[in-house]
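Accompanying notes for the structure given below.
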Amino acid sequence: MKKIVILISGRGSNMQALLSAGLPCQITAVISNRADAQGLETARQHGIATRAIPHCDYTDRASFDMALAAAIDSYQPDFVVLAGFMRILTEQFVNRYHGRLINIHPSLLPAYAGMHTHERALQDGVKIHGCTVHFVTPDLDLGPVIIQAAVPVLYNDTAQMLSERVLKQEHIIYPQAIRWLCEGKVMLNAEKKSVFNGAEIASPALIAPHME
Ligand code: GRF
């Protein structure tokens, strides 16, 4: 059975979705760069080993990433899953887990890489927003896409309302992506493209606003 380690920084609702999804893998540990991350307590309640590696204990990114990698490697995971992990990782760290490091981002990448995605989507007046699970490469938030969910933006949306609707979809697509990875249905190929080996079923189009 494949093994995964999850990295978090805060609330951990995506981690919780992964823990509750009955995935065909062993979640061996949850590691946070913040000792007070709410998600660590949730993980403990699920009987998962937890570790805190506070980034402020390290003088630079490289030494923090080395300590983080040593902790991760002690669990020998097949995949390292970032679930609201709010640290930029060094190229060296990212390359160490090439094809095995996965992230979820609250936008339809490559649109709105970076922070404040919901505010920026509202500001631009787009009618469709969403979330993306992708392989992590050294280009921040721009690695090959595994799965995306599109969410309509409503006329009276606030960033909070929109983020809640997007988060619901994150909790659906992240477990699906990790399931595919563990089953060997999706992988990163030599051309750095995400390839899917399963039978694909097309969803009908999302049109927003809804047509009468
Ligand atoms: C999610 O919106 C995720 O996409 C982003 O950070 C947020 C983390 O939320 N990377 P949670 O900690 O999983 O609740």
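Each ligand, and each atom within it, is numbered from 1 in the order the structure gives. Computation of the quantities below employed the complete heavy-atom set of this structure, encompassing side-chain atoms and omitting hydrogens, waters and symmetry-equivalent molecules.
At least one N/O-N/O distance between Arg11 and ligand 1 falls below 3.5 Å. The N/O atoms of Met86, backbone and side chain alike, include none that comes under 3.5 Å of an N/O atom in ligand 1.
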Could you go through Asp73 and Arg96, starting from their C-alpha distance and side-chain angles, then the distance that decides it, and tell me whether this counts as salt bridge (Lys or Arg N to Asp or Glu O under 4.0 Å)?
CA-CA 10 Å; Asp73 292 350; Arg96 182 188 191 104; 2.6 Å; yes
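The 12-atom threshold is exceeded at NZ of Lys127, counting heavy atoms of other residues, nucleotides or ligands nearer than 6.0 Å.
For the side chain to side chain donor-acceptor pair (under 3.5 Å) test, no residue two or more places apart in sequence or in another chain qualifies with Ser163. For Glu119, the salt bridge (Lys or Arg N to Asp or Glu O under 4.0 Å) criterion is met by no residue, not counting sequence neighbours.
The backbone N or O of Ile8 sits less than 3.5 Å from a side-chain atom of Ser32, completing a donor-acceptor pair. Using modelled atom types, one side-chain atom of Thr132 and one backbone atom of Ser107 make a donor-acceptor pair closer than 3.5 Å.
Against a heavy-atom cut-off of under 4.0 Å, Gly12 is close to the following atoms of ligand 1: 11 (P), 12 (O), 13 (O), 14 (O). Interface of Glu170 with ligand 1, defined as ligand atoms under 4.0 Å from a residue heavy atom, comprises 1 (C), 2 (O), 3 (C), 4 (O).
Proximity of Ile8 to ligand 1 is not established, as no heavy-atom distance is less than 4.0 Å.
Across Leu167, Asn14, Thr132, heavy-atom proximity to atom 13 (O) of ligand 1 is greatest for Asn14.
In this structure, the protein non-hydrogen atom closest to atom 10 (N) of ligand 1 is Ile104 O, 3.2 Å. In terms of protein heavy-atom proximity, atom 6 (O) of ligand 1 is closest to Gly84 CA, 3.7 Å. Taking atom 11 (P) of ligand 1 as the reference point, the nearest protein heavy-atom neighbour is Ser13 N, 3.4 Å. Scanning all protein heavy atoms for the shortest distance to atom 5 (C) of ligand 1 gives Pro106 CD, 3.9 Å.
In the model, Thr90 has no side-chain atom that pairs as donor or acceptor with a side-chain atom of Arg61 under 3.5 Å.
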